[in-house]
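Any value given below was found using the heavy atoms of this structure, including those in side chains, with hydrogens, waters and symmetry copies removed.
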Amino acid sequence: MVMGVGGRLGVAALVTAGAMLLASPGVANAQVVTSAATAVTAQAAPGFVAPGQTLRLGAKGTAVKALQTRLRELGYLPGTADGRYGGTTLTALWAFQKINGIAPTSTVTRKTWNALQNPRSPKVLVPNGKPTRVEVNLTQQVMTLYVDGRVKLISHISSGSGIPYCETATWEGKTQKFCGSARTPTGDYKTTWRRNGWHRSYLGQLYNPIFFNGGIALHGALSVPLAPASHGCVRLPMNVAAVLPGMLGTGVPVHVRGRFVR
């Protein structure tokens, strides 16, 4: 890997700072919705010519805009194509790099540009799955949404850390102790109930949660690091969580596969 866990979390702190700007009631703005609506498969937009310029977090300019536009064409959500390389673009880049066998990093080099010219499609986890479904790849830490048999959205995630926990919280008017394994169980599930905006659970705040396995949900979070870090839910970048409820109905299959190796 290019970055150790410590380095990854350092970059993730920058992502968190950027995500906090999206945590306001206006997070599901028209710019984000436009990004989701234009998500297509990796076969789209042939003839892309990579600028080839090395980009680092905080960069600005036409090369950044080309990166953002290309990621959006391929089904990732880098935010508005405004030529500013911030946390939202970074999490989309991470997802793309992981799908294309590149160690996730904030620096865009020739290897990533080459992959953007000749991108891979996500690995299909359930070949005989329904045309509209969600696949959560715990090994790669990515989520793919298929709609009518086509890739509609690919996102970076952070799943259960696997580190057992015991936490004390005030819940339903009483101080209670909650313990668990912090695992995201593999298996086949379906989306069930959901909440709009911030939803308070006994283990923290979830943004636009879509539950699919008891109390385990796909939800937005202000911190979505490269390493699994949740109590068991599937954390999503805030801009992804803002549009996912409009793309993912109730009763849709959710397939969770793999295992993350630290």
Side-chain angles (χ1 to χ4, degrees), residues 5-6 8-28 32 77 86-88 90-92 94-95 134 136-138 141-143 145 155-187 189-248 250 254 256 259-260 262:
V5 171
R8 294 172 179 174
L9 296 180
V11 174
L14 293 173
V15 176
T16 298
M20 290 180 71
L21 296 176
L22 296 170
S24 65
V27 65
V32 178
L77 294 188
T88 303
L90 175 59
T91 55
W94 280 347
V134 172
V136 177
N137 188 324
L138 299 180
Q141 292 288 285
V142 294
M143 178 206 76
L145 169 64
S155 177
H156 162 67
I157 68 166
S158 179
S159 62
S161 68
I163 302 172
Y165 65 88
C166 278
E167 297 187 14
T168 301
T170 300
W171 186 249
E172 297 181 342
K174 298 186 296 184
T175 299
Q176 303 181 52
K177 190 173 185 178
F178 300 95
C179 298
S181 64
R183 289 192 317 107
T184 303
T186 56
Y189 311 98
K190 289 186 178 181
T191 56
T192 55
W193 60 289
R194 63 189 65 203
R195 289 290 182 269
N196 294 326
W198 287 105
H199 171 69
R200 179 176 174 268
S201 78
Y202 55 83
L203 292 174
Q205 297 272 41
L206 319 178
Y207 184 73
N208 277 0
I210 301 173
F211 293 85
F212 63 88
N213 177 16
I216 294 179
L218 300 159
H219 71 83
L222 295 178
S223 176
V224 191
L226 281 169
S230 80
H231 290 97
C233 284
V234 177
R235 295 184 189 178
L236 300 167
M238 289 290 289
N239 69 310
V240 175
V243 299
L244 188 61
M247 305 168 71
L248 180 59
T250 300
V254 177
V256 184
R259 176 174 176 272
F260 184 81
R262 294 180 183 273

- Intermediate values then yes/no, side chain to side chain contact (heavy atoms under 4.5 Å, CB included), Leu244 and Leu145: CA-CA 9 Å; Leu244 188 61; Leu145 169 64; 4.1 Å; yes
Could you measure the distance from the [atom1] atom of [X] to the [atom2] atom of [Y]? Nearest 0.5 Å is fine.
{"X": "Asn239", "Y": "Leu77", "atom1": "CG", "atom2": "CG", "result": "5.5 Å"}
{"X": "Ser230", "Y": "Leu236", "atom1": "OG", "atom2": "CG", "result": "10.5 Å"}
{"X": "Leu222", "Y": "Gln205", "atom1": "CG", "atom2": "CD", "result": "9.5 Å"}
{"X": "Tyr202", "Y": "Thr168", "atom1": "OH", "atom2": "OG1", "result": "13.5 Å"}
{"X": "His199", "Y": "Ile210", "atom1": "NE2", "atom2": "CD1", "result": "13.0 Å"}
{"X": "Met238", "Y": "Thr88", "atom1": "CE", "atom2": "OG1", "result": "10.0 Å"}

Minimum heavy-atom separation for [X] and [Y], please, with both atom names.
{"X": "Gly214", "Y": "Trp193", "answer": "O-NE1, 4.2 Å"}
{"X": "Pro228", "Y": "Gly160", "answer": "CB-O, 3.2 Å"}
{"X": "Ala227", "Y": "Ser158", "answer": "O-OG, 3.0 Å"}
{"X": "Thr184", "Y": "Leu138", "answer": "O-CD1, 3.5 Å"}
{"X": "Ala229", "Y": "Arg235", "answer": "O-NH2, 3.2 Å"}

Counting C-beta onward and ignoring hydrogens, is there a side-chain heavy-atom pair between [X] and [Y] closer than 4.5 Å?
{"X": "Asn213", "Y": "Pro185", "result": "yes"}
{"X": "Ile157", "Y": "Val142", "result": "no"}
{"X": "Leu218", "Y": "Leu248", "result": "yes"}

- Partners meeting ring-ring contact (aromatic ring centres under 6.0 Å, His included) with Tyr165 (sequence neighbours left out):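 If we apply the ring-ring contact (aromatic ring centres under 6.0 Å, His included) test to Tyr165, skipping adjacent residues, the hits are His231.
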- Query: With sequence neighbours left out, what residues match Ser159 under side chain to side chain donor-acceptor pair (under 3.5 Å)?
  - Reply: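 Ser159 satisfies side chain to side chain donor-acceptor pair (under 3.5 Å) with Gln141 only.
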- Message: side chain to side chain contact (heavy atoms under 4.5 Å, CB included), that's the test. Do Glu167 and Lys177 meet it? Break it down for me.
- Response: CA-CA 6 Å; Glu167 297 187 14; Lys177 190 173 185 178; over 6 Å; no
- Verdict with supporting geometry, His156 and Leu90, side chain to side chain contact (heavy atoms under 4.5 Å, CB included): CA-CA 10 Å; His156 162 67; Leu90 175 59; over 6 Å; no
- Would a distance-only check, ignoring hydrogens and angles, find a side-chain to backbone donor-acceptor pair under 3.5 Å from Asn208 to Gly197?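 Yes.
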- Passes side chain to side chain contact (heavy atoms under 4.5 Å, CB included), Phe212 versus Val134? Steps please. CA-CA 10 Å; Phe212 63 88; Val134 172; over 6 Å; no
